[in-house]
2 protein chains.
Amino acid sequence: MKRSRIPLHALRAFEAAAETGNLTRAAETLGVTHAAISYQIRLLEDHLGLALFERRMRPMQLTDAGQRLLEGTRGGFDRIAHCLDDLKEEEDYAGELSVVSVPGLGGNWLTSVLGEYVSQFPKVTVRMITSPWHRQTEFEPSDFSIVYGSAEQSGRRVTLLGQTSFFPVCSPSLPIAGNRYPDPRDMLNYTLIHEYNTDTWSRWYMACGVEPFAGTRRIYFDGAHLTLHAARAGTGIAMADLPTVAADLKEGRLVRLSDLTVPATHPYYITTPPLGRLKPAAKALEDLAVRRFRQIEAE
Amino acid sequence: MKRSRIPLHALRAFEAAAETGNLTRAAETLGVTHAAISYQIRLLEDHLGLALFERRMRPMQLTDAGQRLLEGTRGGFDRIAHCLDDLKEEEDYAGELSVVSVPGLGGNWLTSVLGEYVSQFPKVTVRMITSPWHRQTEFEPSDFSIVYGSAEQSGRRVTLLGQTSFFPVCSPSLPIAGNRYPDPRDMLNYTLIHEYNTDTWSRWYMACGVEPFAGTRRIYFDGAHLTLHAARAGTGIAMADLPTVAADLKEGRLVRLSDLTVPATHPYYITTPPLGRLKPAAKALEDLAVRRFRQIEAE
DNA sequence: TAGTTAGTGTAAGTCTCGCTTACAGTATGT
DNA sequence: ACATACTGTAAGCGAGACTTACACTAACTA
């Protein structure tokens, strides 16, 4: 069969479905909806003119032809996947990778991304520094760094990571955490945890249409990691963005108090050395980071 | 590597390019433009973060990584392609296939399609009949048939093949064949070869904006294959459509005399037994026929 | 056997990304 | 130096992969 006419996407969908006997499960592993799988399999069956699945029963059974096809595709794709994996084990994906990040994303989100990264590229040794000085000048230039705000930097390659937006969070131990999405006015009875040099709280209340807070308790910290630490400890209510607190929310250390968000004043950027000196390993990290960021945004 | 992230199209493009060391050639084999290949390879190199080709020299040389990748992908795709081919060799693609066609397309175009078909499905024995009686009723119902005009038929599955359009052709031996796209008025000095029960010639002259021919010689035949036979023999000028005369034009047996075409009054349809009794082999022939028809239309 | 849950089928509409077009740039041959 | 043959790349288009939404069917539960 001519290469140009092999329905690759359809075969991939078929393989996933055949392995589980369950379109929904298959769809999840490929990161699409069940309808997409159904569509592709229909296409493939139509192309071959024969049935690949026995659909009377559940879980779906492969027909003879389906069984045969599964062996072929699995073998083929495995071969390709291994080859691709091997390429990633080479020198290009070995050695050291110096990573610098601003504390906000760096503290929590980036560490989890790096966790996935090192398991995917076991031969890369990552050295990470978080530093609020996002200008690269005073450091030995890093292989990969995340900066906040303006990113133009002498001779470094810049790609947009994305923009976050803020919403109030607090410890589940505070009484107000009980009612889902309480009235913003009620939140004024708690300590509002601020970060120095930001106006996130006031912008948020403005967006709510609530009068600026007058006599509420406030406390100021130097950096988002500290405000969140305080929030977790039950000190009061802090503003947070999704990437930094996604894990906290999921594991119940923090509770989100509103649907309403205000955008960060600046986006995050990734900077790397220019194309000539860009390490493949850094590019791979960039891809992963961007993907994970999008993923969180989508939720 | 997770299946969902294998860039299959990019790998296919890479494989084609790596095999020839020539993007243009690779593009041809995949039936796309060189830019498409270039784009996909760029994507792949970018995804992996490393160069696959050494581009200083021509033909392009694979890098080490490229070499490795080629082995993997070639192996993988070969495996899949073989598996797919095997599936086509099974009972589903064996046995007899009865094909019925109206003479127009059947005479020339369909035979060439069938030629390709049998080389692709060697185990299928094709029995073809051309018959102007495109109603199926009096025959043992065929596995695959091409009809002209209205296609509604008791219980058969119908798919549109396409609509042709007509233009004048003649033998290269006629003097008028010398000048490319002569004045339609000059053509009136030759015998106009007609097919019974069609008004193609008069519709064509109407489309030209030329007065209906008065005292020109005419000759009538029963069926397009006869008109074309006469045209090839130098009898005069006949009307023909692209599928039927594509080979004649390419091989110089006929010359096209005008850019202007008039559409056929009806489209061609393919009919097969309904889904339950549709043979996979017939479906495959249908796919091939439709593809080849589109291809000619595109030229 | 009726209700419930988990899954598949499928039509309609959306949007991505693979592709073409068009042109500039770069090797190789004469 | 010119011609030829190929590659690189930006801009824009369109097919088709995908999502959404709902109908439907199988398999459990009681």
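Treat the numbers as computed from the prediction; the structure is a model and nothing was measured.
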Query - Side-chain ion pair, B/E19 and B/R74, N-O less than 4.0 Å - result: yes
**Report entry** Base versus backbone protein contacts along nucleotides 17-25 of chain C [heavy-atom cut-off under 4.0 Å; B, S, -]
**Finding:** SBSBB---B
Query raised in the report: To the nearest Å, how far apart are A/D46 CG and C/dG9 C1'?
Result: 15 Å
Query raised in the report: B/R55 and B/T63: side-chain donor and acceptor closer than 3.5 Å?
Result: no
Query raised in the report: To the nearest angstrom, how far is B/R294 atom CZ from D/dA15 atom P?
Result: 11 Å
Requested in this report: Run the salt-bridge test on B/D287 and B/K283 with the 4.0 Å N-O cut-off and return the result as yes or no.
Outcome: yes
Query raised in the report: Looking just at side-chain N and O atoms, do A/R25 and A/T20 make a donor-acceptor pair shorter than 3.5 Å?
Result: no
Requested in this report: Ignoring backbone atoms, establish whether B/N22 has a side-chain N or O less than 4.0 Å from OP1 or OP2 of D/dA5.
Outcome: no
Query raised in the report: Would you say C/dG9 has OP1 or OP2 under 4.0 Å from some side-chain N or O of A/S38?
Result: yes
Query raised in the report: Can you find a heavy atom in the side chain of B/L43 that is under 4.5 Å from one in the side chain of B/F14?
Result: no
Query raised in the report: Could you state the CG-C1' distance from B/L23 to C/dA27, rounded to the nearest angstrom?
Result: 13 Å
Report task. Check whether any side-chain nitrogen or oxygen of A/T24 sits under 4.0 Å from OP1 or OP2 of C/dT8, and answer yes or no. Result -> yes
Query - Nearest heavy-atom neighbours spanning A/Q40 and A/A13 - result: CB-CB, 3.6 Å
**Report entry** A/L8 CG - D/dA17 C1' separation (whole Å)
**Finding:** 14 Å
Report task. Return the value, rounded to whole Å, for the distance between atom CD of A/E45 and atom P of C/dT8. Result -> 13 Å
Query raised in the report: Rounded to whole angstrom units, what separation is found between the CD1 atom of A/I41 and the P atom of C/dG7?
Result: 15 Å
Report task. In plain terms, say whether B/E71 and A/R79 are close enough for a salt bridge, that is, a side-chain N and a carboxylate O under 4.0 Å apart. Result -> no
Requested in this report: Could you tell me whether a side-chain N or O of A/Y117 sits under 3.5 Å from a main-chain N or O of A/A281, the two making a donor and an acceptor?
Outcome: yes
Report task. Report the residue (B/R55 or A/R56) whose heavy-atom-nearest nucleotide on DNA chain D is the more 5′ of the two. Result -> B/R55
Report summary line: Rounded to 10°, the angle between the first-five-pair and last-five-pair axes of the helix from C/dT1-D/dA30 to C/dT30-D/dA1 is 50°
Query raised in the report: Without hydrogens or angle criteria, can the side chains of A/S112 and A/R292 be said to hold a donor-acceptor pair below 3.5 Å?
Result: yes
